[in-house]
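One structure is given here, and the rest of the page talks about it.
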Protein chains: 2
Amino acid sequence: MPENSTPGGNRRAPQGRRAVISREDLIAAALSLLGPHRSVSTLSLREVAREAGIAPNSFYRHFRDTDELAVVLIEEAGSALRRIIGQSRTRATTERSVVRSSIETFMEQLNPDEKFLPILLREGTVGSDAFKQAVEEQLLYFEEELCSDLVRLADINNTGIVHAPLVAKAITRLVFAMGATAMDLPESEHPRILEEMVVMVRMIIVGTQTMAREGAKLN
Amino acid sequence: MPENSTPGGNRRAPQGRRAVISREDLIAAALSLLGPHRSVSTLSLREVAREAGIAPNSFYRHFRDTDELAVVLIEEAGSALRRIIGQSRTRATTERSVVRSSIETFMEQLNPDEKFLPILLREGTVGSDAFKQAVEEQLLYFEEELCSDLVRLADINNTGIVHAPLVAKAITRLVFAMGATAMDLPESEHPRILEEMVVMVRMIIVGTQTMAREGAKLN
DNA sequence: CCTACGTATATACGTTTGTCTATACACATG
DNA sequence: CATGTGTATAGACAAACGTATATACGTAGG
């Protein structure tokens with residue numbers, strides 16, 4: 001078993017004919033096929049191979065099937081997005097600024113030539129189980145990072161917080177859901193959506209802070 | 001042009017051979033093909049025709065293509081769900097009970113043999129534009145009804161509310177997003193998700209009420 | 001140089017799909 | 001009964017797909 005991996009890996013001496021293409025090239029080919037009207041789940045093996053300039057059968061040297069490619073795409077999209085949004089978040093110190101700048105950065109990723117966010121927005125509800133599970137995993141990462149940030153800011157500013165993980169989950173799911181609708185709207189509508197998202201997220205934060213202040217019973 | 005419609009419509013005297021099948025039968029056939037691993041967007045014309053027991057070409061007598069069928073499916077699913085959830089909502093008079101009972105009713109629709117909710121949950125992000133627009137339209141209907149209910153309850157209980165349409169949108173999108181993740185989880189997890197959703201929605205409501213009370217500035 | 005090996009391609013098969021064209025069917029009307 | 005009309009089916013087509021088999025290519029080690 002050749003153990004699907006880039007030939008330039010840890011194996012010192014590559015035997016046989018050199019691989020003319022790498023996993024990364026296939027991923028790039030798949031990415032270039034995506035667009036506002038094309039989702040990962042509709043990519044065919046032959047299509048990706050064609051785009052990459054290889055024979056259909058060569059695809060199998062790198063991925064077992066298109067689902068495996070899709071999962072890798074989702075994982076890459078998730079980590080790239082977390083890096084981008086994480087950067088914009090660490091620059092902020094108050095909730096107001098962190099909310100707005102994070103959401104602004106998020107919405108910037110809906111730019112037509114950014115392919116990563118649409119992948120996460122679209123592929124969460126269709127495709128194979130491995131597919132949806134991969135998206136769910138990335139969302140959970142987002143939630144974790146957001147949660148620790150929320151707790152950090154609550155400490156700094158002495159504002160209370162209850163159910164921090166739930167707050168993070170609510171904000172994450174809400175922002176992604178709103179982003180999914182924005183994705184199919186003309187770009188001129190994006191600023192309006194952004195303002196809506198900011199108000200929504202602030203409502204959640206005011207809610208948890210109020211509940212913390214009042215020691216609200218939860219049932 | 002025979003004006004695609006059920007033969008038993010307003011036209012008094014049907015000429016020619018009787019239609020052996022109706023639009024509704026085709027819709028039922030499509031519904032029966034759906035399941036946890038089968039989304040509307042993956043249904044093929046031949047498959048639906050096969051399930052309905054007609055020749056592939058006969059499909060065209062009732063729908064122009066599968067997209068048109070899908071849109072009808074989405075509209076039916078939306079109106080059915082609004083009726084179901086609307087009933088459970090009018091029985092409640094306080095926010096606490098209306099929130100819980102509405103969400104409970106919502107989650108009941110994730111029962112494996114209920115096909116309507118999964119349609120709205122899954123088809124919102126993929127498929128043709130007409131497709132996504134149909135789902136968006138149904139969500140907007142949900143928001144409108146929820147909004148007037150929120151205003152009604154705020155009046156009854158003398159709790160303030162700001163940005164009522166935004167509150168309704170946030171709750172709707174959040175509940176649907178959470179439902180989408182619950183759909184792919186074992187049913188034993190549903191009660192936990194339900195409790196999470198209740199807390200999330202209450203946070204939003206507490207948030208808007210607090211903002212109303214404090215007359216919070218919004219920028 | 002030659003041999004072994006890993007990679008890439010070529011060709012092909014069997015399905016499934018949407019759709020076209022032509023034809024058989026059943027009913028209402030004369 | 002005969003005729004017209006709208007429906008349903010039959011059969012075929014090209015296209016695209018995933019994949020199996022066989023073969024050519026290029027590199028490394030002997």
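The sequence lines fix the lettering, A, B, ..., with proteins before strands; numbering per chain opens at 1.
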Using 4.0 Å as the upper bound for N to carboxylate O, is an ion pair formed by B:K132 and B:E123?
-> no
With a non-hydrogen cut-off below 4.0 angstrom, is A:D65 in contact with a base, only sugar-phosphate, or nothing?
-> nothing
Verify the distance criterion only: is there a donor paired with an acceptor across the side chains of B:T42 and B:R38 at less than 3.5 Å?
-> yes
State whether A:K115 and A:E76 are salt-bridged, where the test is any N-O pair (Lys NZ or Arg NE/NH1/NH2 against Asp/Glu carboxylate O) under 4.0 Å.
-> no
Please work out if B:R46 contacts a base, only the sugar-phosphate, or nothing of the nucleic acid, heavy-atom cut-off 4.0 Å.
-> base
Return the value, rounded to whole Å, for the distance between atom CD of A:Q15 and atom P of C:dT7.
-> 10 Å
Among D:dT19, C:dG18, D:dG11, which nucleotide sits nearest the side chain of B:N57?
-> D:dG11
Distance, rounded to the nearest Å, where B:F59 contributes CZ and D:dT9 contributes C1' | 17 Å
Quickly work out the B:R23 CZ to D:dA8 P distance and round it to whole Å.
-> 13 Å
Heavy-atom check, side chain of A:T125 versus side chain of B:D184, under 4.5 Å | no
Identify which nucleotide among D:dA10, C:dT19, C:dT9 has an atom closest to any side-chain atom of B:P56, counting heavy atoms from C-beta outward.
-> C:dT19
Whole angstrom is fine here: how far is it from NE2 in B:H62 over to C1' in D:dT7?
-> 9 Å
With a 4.0 Å cut-off, would you call A:R173 and A:E136 a salt bridge?
-> yes
Is it true that A:R192 and A:E189 make a salt bridge, defined as a side-chain N closer than 4.0 Å to a carboxylate O?
-> yes
Members of residues 47-55 of chain A that approach DNA chain D, where some heavy atom sits under 4.0 Å away | A:R50
Round to the nearest Å and state the distance from A:L45 atom CG to D:dA20 atom C1'.
-> 13 Å
May I have the distance from B:D67 (atom CG) to C:dG18 (atom P), rounded to whole angstrom?
-> 11 Å
Could you work out which one of C:dG18, D:dC17, C:dT9 sits closest to the side chain of A:S58?
-> C:dT9
Contact under 4.0 Å: B:R18 side-chain N or O vs C:dC27 OP1/OP2 | no
Candidate nucleotides D:dA8, D:dG29, C:dT7, ranked by approach to the side chain of A:A19 - the nearest | C:dT7
Rounded to whole Å, the CZ-C1' distance (A:R64 to D:dG18) equals 15 Å
Give the rounded distance in Å between these two atoms: CZ of B:R61 and P of C:dC25.
-> 17 Å
Would the number of heavy atoms belonging to other residues, nucleotides or ligands and lying under 6.0 Å from CD of A:Q133 be above 12?
-> no
